[in-house]
Amino acid sequence: MLELDQVRAGYGAINVLWDVSMQVAAGKLTTIIGPNGAGKTTLLRAIMGLVPLGAGDIRLNGARLNGTPTWDMADRSVAMIPEGRMVFRDMSVEENLIMGAFHKSHRAHVKQRLEEAYEMFPRLRERRTQMAGSLSGGEAQMLAMARGLMSDPKLLLIDEPSLGLAPLVVNELFEILERLKAGGRTIILVEQNTERAVGVADHVYLMQSGRVALSQPASEVQLQHLHDLYFAR
């Protein structure tokens, strides 16, 4: 579904990604792990058009994404759930969700998608009139995920969903990831909890210093070897 071929990208004169090549299969969950500064978030931003490519190609179903404006990614059925939740704090839960279907091609389905979001995240139904800024960290992450699903994307990019959350909430989020995967959603998951990330994945990439250090089916990954590479031991 998604192919990256020799991608280079960064910020101004600072290059972060160095000749990164990946393949993301349709209907599968691909996990990208690596230490801080490895280039994981930059990679997601490059896919979304938030960071310009210096070299290489990104193709979605064979069509080049290079140069596609971020605001047109909804038309390509691609959505990103960013690190740190980034909800609209002064808007209600339901208003945040509606923003996830703001693009005109998705507005006709808002009521249906709202009901689907509330079924998947029952706590959000209870909080639907509450200001997003008053939610707990776990509730805000659920809201960010539900908002990302409001456009019913075929490709969903999720950046560090478990960051800073309590273990019980992390369990809930990974159960939801399992459900999305079982439903045939194509997911790219950036996650530092290596054991949970590998456990939910179909394929695993490890990044180090802006490069791919390992590419392996999740069923073949040995955690000890992965951790040795992760910590450059």
Side-chain angles (χ1 to χ4, degrees), residues 1-2 24-30 44 47-50 60-61 63 65 68-162 165 169-191 200-202:
M1 182 179 193
L2 184 74
V24 176
K28 303 295 183 181
L29 194 152
T30 299
L44 298 189
I47 294 170
M48 290 297 297
L50 292 165
L60 180 65
N61 296 322
L65 284 182
T68 301
T70 304
W71 52 86
D72 285 340
M73 295 302 283
D75 274 341
R76 302 292 189 100
S77 199
V78 181
M80 179 175 170
I81 299 169
E83 179 183 353
R85 274 70 95 177
M86 296 181 69
V87 298
F88 298 103
R89 295 178 56 84
D90 297 326
M91 296 171 65
S92 72
V93 165
E94 190 154 298
E95 288 168 340
N96 268 266
L97 292 174
I98 292 170
M99 288 299 294
F102 180 78
H103 195 278
K104 61 183 179 182
S105 62
H106 302 295
R107 294 176 194 173
H109 306 286
V110 166
K111 289 184 178 179
Q112 175 190 340
R113 300 276 163 72
L114 277 173
E115 189 56 35
E116 291 170 355
Y118 291 144
E119 286 180 8
M120 183 168 289
F121 302 92
R123 209 173 308 172
L124 297 183
R125 188 192 299 274
E126 299 170 8
R127 307 280 196 272
R128 63 185 183 276
T129 61
Q130 188 171 321
M131 293 296 104
S134 66
L135 298 177
S136 69
E139 291 166 345
Q141 184 61 58
M142 291 177 187
L143 177 57
M145 290 185 69
R147 184 182 59 192
L149 291 166
M150 283 292 291
S151 63
D152 193 25
K154 291 184 172 62
L155 175 60
L156 185 62
L157 316 181
I158 309 176
D159 195 1
E160 300 284 7
S162 73
L165 300 183
V169 179
V170 172
N171 289 341
E172 286 185 54
L173 290 175
F174 273 89
E175 286 172 6
I176 289 165
L177 288 174
E178 289 276 14
R179 289 167 58 188
L180 293 173
K181 175 183 168 182
R185 189 91 53 176
T186 306
I187 300 171
I188 300 177
L189 172 67
V190 166
E191 177 59 52
V200 76
D202 294 292

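- For A146 against L97, the heavy-atom pair with the smallest separation is CB-CD2, 3.5 Å.
- Separation of atoms CZ (F102) and CZ (R147) is listed at 13.5 Å; rounding is to 0.5 Å.
- Evaluation of the salt bridge (charged side-chain N to carboxylate O under 4.0 Å, His left out) rule for R76 yields no partner, not counting sequence neighbours.
- A salt bridge between E160 and R85 is absent, with no side-chain N of the basic residue lying under 4.0 Å from a carboxylate O of the acidic one.
- Between M99 and F88, some side-chain heavy-atom pair lies under the 4.5 Å cut-off.
- Rounded to the nearest 0.5 Å, atoms CD1 (I81) and CG (L149) are 5.5 Å apart.
- For the atom pair I188 CD1 and K28 NZ, the distance stands at 15.0 Å (nearest 0.5 Å).
- V87 has its side chain out of reach of L135: every pair of non-hydrogen atoms, C-beta onward, lies at least 4.5 Å apart.
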- Task: Decide yes or no on side chain to side chain contact (heavy atoms under 4.5 Å, CB included) for M145 and L177, but give the supporting numbers first.
- Result: CA-CA 10 Å; M145 290 185 69; L177 288 174; 4.1 Å; yes

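- Contact annotation: the side chain of L65 approaches that of L2 to within less than 4.5 Å [non-hydrogen atoms, C-beta and beyond].
- Sorted by first and then second residue, the salt bridge (charged side-chain N to carboxylate O under 4.0 Å, His left out) pairs with a member in residues 180-189 read D152-R185, K181-D202; sequence neighbours excluded.
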- Task: Start with the C-alpha gap between V24 and M1, add the side-chain angles, then the distance that decides, and say whether side chain to side chain contact (heavy atoms under 4.5 Å, CB included) holds.
- Result: CA-CA 6 Å; V24 176; M1 182 179 193; 5.6 Å; no

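- Rounding to the nearest 0.5 Å gives a distance of 11.5 Å between CE of M80 and CG of L155.
- Of all non-hydrogen atoms in G148 and A79, the two that sit nearest each other are O-CB, 3.6 Å.
- Side-chain contact between E116 and Q112 is present, with heavy atoms from C-beta onward closer than 4.5 Å.
- The one candidate from R123, R125, E94 that meets the side-chain hydrogen bond (donor to acceptor under 3.5 Å, both in side chains) condition with Y118 is E94.
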- May I have the step-by-step check of side chain to side chain contact (heavy atoms under 4.5 Å, CB included) for S92 and Q130, ending in yes or no? CA-CA 5 Å; S92 72; Q130 188 171 321; over 6 Å; no

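- In this structure, S77 contributes its side chain and P153 its backbone to no donor-acceptor pair below 3.5 Å.
- Across all non-hydrogen atoms, the minimal contact from P161 to L165 is O-CD1, 3.3 Å.
- In this structure, the separation between CG on N61 and NZ on K154 is 9.0 Å, given to the nearest 0.5 Å.
- Note that CG of D159 is 10.5 Å distant from CE of M86, once rounded to the nearest 0.5 Å.
- By the 4.5 Å heavy-atom criterion applied to side chains, L173 and M142 are counted as neighbours.
- Taking each heavy atom of T186 and G27 in turn, the nearest pair found is OG1-N, 2.7 Å.
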